[in-house]
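Here the structure is a predicted model, which is why all the values come from computation and not from measurement.
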Amino acid sequence: MTADSLRRALTAPGDPPLRPLPDQVAALLETLHAPPRLAAHLRAVHDVAAQLIDAVADRFPQLSFDREEVLFGAATHDIGKIRHPEELSGPGSAHEPAGFELLLRHGVAESLARFARDHASWQQPGIGVDDLLVSVADKVWKGKRVTDLEGLLVDRLADATGRERWSVFLDLDDILDRIAADADRRLAFQATHPVRG
């Protein structure tokens, strides 16, 4: 794999334009010689997470969440695929504990590393709003809607706002529909970057 192909995945503007990953995450991906496809995927999910939390903060200002943690979680959620690159193009969950361990070994606090381990485990006890936001971003970036996951977020939003669940659902559904509308272009961006450089 060439450093150039990874650098392109980290810096190419994308269509729609994608935000850059946090500097710490980009540097870690370069240090670990991450597959370019993984870097492109992390950028897409990170960008969607930013859109999601901006819209949620606007429509549901009563909801408390940690913006920086959500963005870091979205930017690193699949980092374990460096150790399990077969999961970039096929199913598997070995990357989840691997990503958690990899982040810990590189000095990332457990409170942030947990997103790599837990992003597909939204039904576990103790999963918080930050975790749900990362999980939703990891689905809706490609236009996938997961009813039980979104239902958990609707419950948290209804609790925070005191609004009726159906009303919260309509607002969240509108946010997710707007984000999902660009899914094909994000998928195309990811596909332009090789699994192996």
Side-chain angles (χ1 to χ4, degrees), residues 18-29 38-39 41-81 93 95-163 165 168-169 171-180 183 186:
L18 299 175
R19 291 165 180 81
L21 291 171
D23 291 343
Q24 174 191 8
V25 176
L28 181 57
L29 293 174
L38 175 59
H41 170 68
L42 293 175
R43 279 189 65 204
V45 175
H46 172 260
D47 187 76
V48 163
Q51 292 179 54
L52 175 60
I53 60 180
D54 287 348
V56 165
D58 181 55
R59 291 214 196 169
F60 307 100
Q62 305 91 336
L63 183 70
S64 178
F65 63 88
D66 188 315
R67 177 182 177 79
E68 294 310 311
E69 284 198 9
V70 172
L71 291 175
F72 186 88
T76 59
H77 73 285
D78 273 351
I79 201 164
K81 291 184 180 182
S93 58
H95 70 278
E96 294 163 13
F100 177 71
E101 294 300 325
L102 184 113
L103 289 170
L104 291 178
R105 278 198 311 274
H106 285 272
V108 174
E110 184 174 347
S111 62
L112 293 173
R114 77 176 196 273
F115 293 103
R117 180 191 61 210
D118 298 339
H119 66 275
S121 304
W122 56 82
Q123 289 130 340
Q124 286 184 12
I127 294 296
V129 171
D130 294 356
D131 304 274
L132 293 175
L133 291 166
V134 170
S135 297
V136 169
D138 186 36
K139 298 300 182 190
V140 77
W141 81 274
K142 60 184 174 185
K144 185 171 184 181
R145 303 290 301 272
V146 180
T147 304
D148 61 335
L149 169 59
E150 292 175 18
L152 293 171
L153 184 54
V154 166
D155 290 342
R156 301 294 178 92
L157 291 167
D159 288 347
T161 62
R163 290 173 45 191
R165 196 176 185 283
V168 169
F169 168 81
D171 275 354
L172 181 63
D173 187 57
D174 180 57
I175 291 168
L176 297 179
D177 277 350
R178 279 190 287 108
I179 293 172
R186 285 187 293 267

Original post:
Between the main-chain N or O of His119 and the side-chain N or O of Ser135, is there a donor-acceptor pair closer than 3.5 Å?
Top reply: yes
Original post:
Does Gly151 offer a backbone N or O that forms a donor-acceptor pair with the side chain of Arg165 under 3.5 Å?
Top reply: yes
So do [Y] and [X] actually touch side chain to side chain, heavy atoms under 4.5 Å?
X      : Y      : answer
Leu28  : Gln24  : no
Ile79  : Leu103 : yes
Glu68  : Pro22  : no
Asp177 : Arg145 : yes

Original post:
Per the side-chain contact (heavy atoms from CB on, under 4.5 Å) rule, which among Val136, Asp131, Val146, Leu153 passes with Trp122?
Top reply: Val146
Taking all atoms of both residues into account, what is the closest heavy-atom pair of [X] and [Y], and its distance?
X      : Y      : answer
Ala116 : Phe100 : CB-N, 3.7 Å
Ile179 : Arg186 : O-NH2, 2.6 Å
Asp130 : Glu69  : OD2-OE1, 3.7 Å
Arg156 : Ile127 : NH2-O, 2.7 Å
Leu133 : Ile53  : CD1-CG2, 3.9 Å
Phe72  : Thr76  : O-OG1, 2.9 Å

Subject >> All side chain to side chain donor-acceptor pair (under 3.5 Å) counterparts of Arg67, not counting sequence neighbours >> reply: Asp54
Subject >> Exceeds 12 heavy-atom contacts within 6.0 angstrom, atom CD of Gln51 >> reply: yes
**OP:** May I ask you to check whether over 12 heavy atoms, not counting those of Asp23, lie within 6.0 Å of atom CG?
**Re:** no
If I take atom [atom1] from residue [X] and atom [atom2] from residue [Y], how far apart are they, to the nearest 0.5 angstrom?
X      : Y      : atom1 : atom2 : answer
Leu176 : Arg178 : CG    : CZ    : 9.0 Å
Leu132 : Asp155 : CG    : CG    : 9.5 Å
Glu150 : Leu172 : CD    : CG    : 6.0 Å
Arg59  : Thr161 : CZ    : OG1   : 13.0 Å
Leu112 : Leu71  : CG    : CG    : 11.0 Å

**OP:** Go through the steps to decide whether Leu157 and Val56 satisfy the test side chain to side chain contact (heavy atoms under 4.5 Å, CB included), and finish with yes or no.
**Re:** CA-CA 9 Å; Leu157 291 167; Val56 165; 4.1 Å; yes
Original post:
Between Asp47 and Arg43, is a salt bridge (Lys or Arg N to Asp or Glu O under 4.0 Å) present by the stated rule, with each step listed?
Top reply: CA-CA 6 Å; Asp47 187 76; Arg43 279 189 65 204; over 6 Å; no
Subject >> Test log, rule side chain to side chain contact (heavy atoms under 4.5 Å, CB included), inputs Val140 and Leu52 >> reply: CA-CA 10 Å; Val140 77; Leu52 175 60; 5.6 Å; no
Original post:
Are His77 and His95 close enough that a side-chain donor and a side-chain acceptor fall under 3.5 Å?
Top reply: no
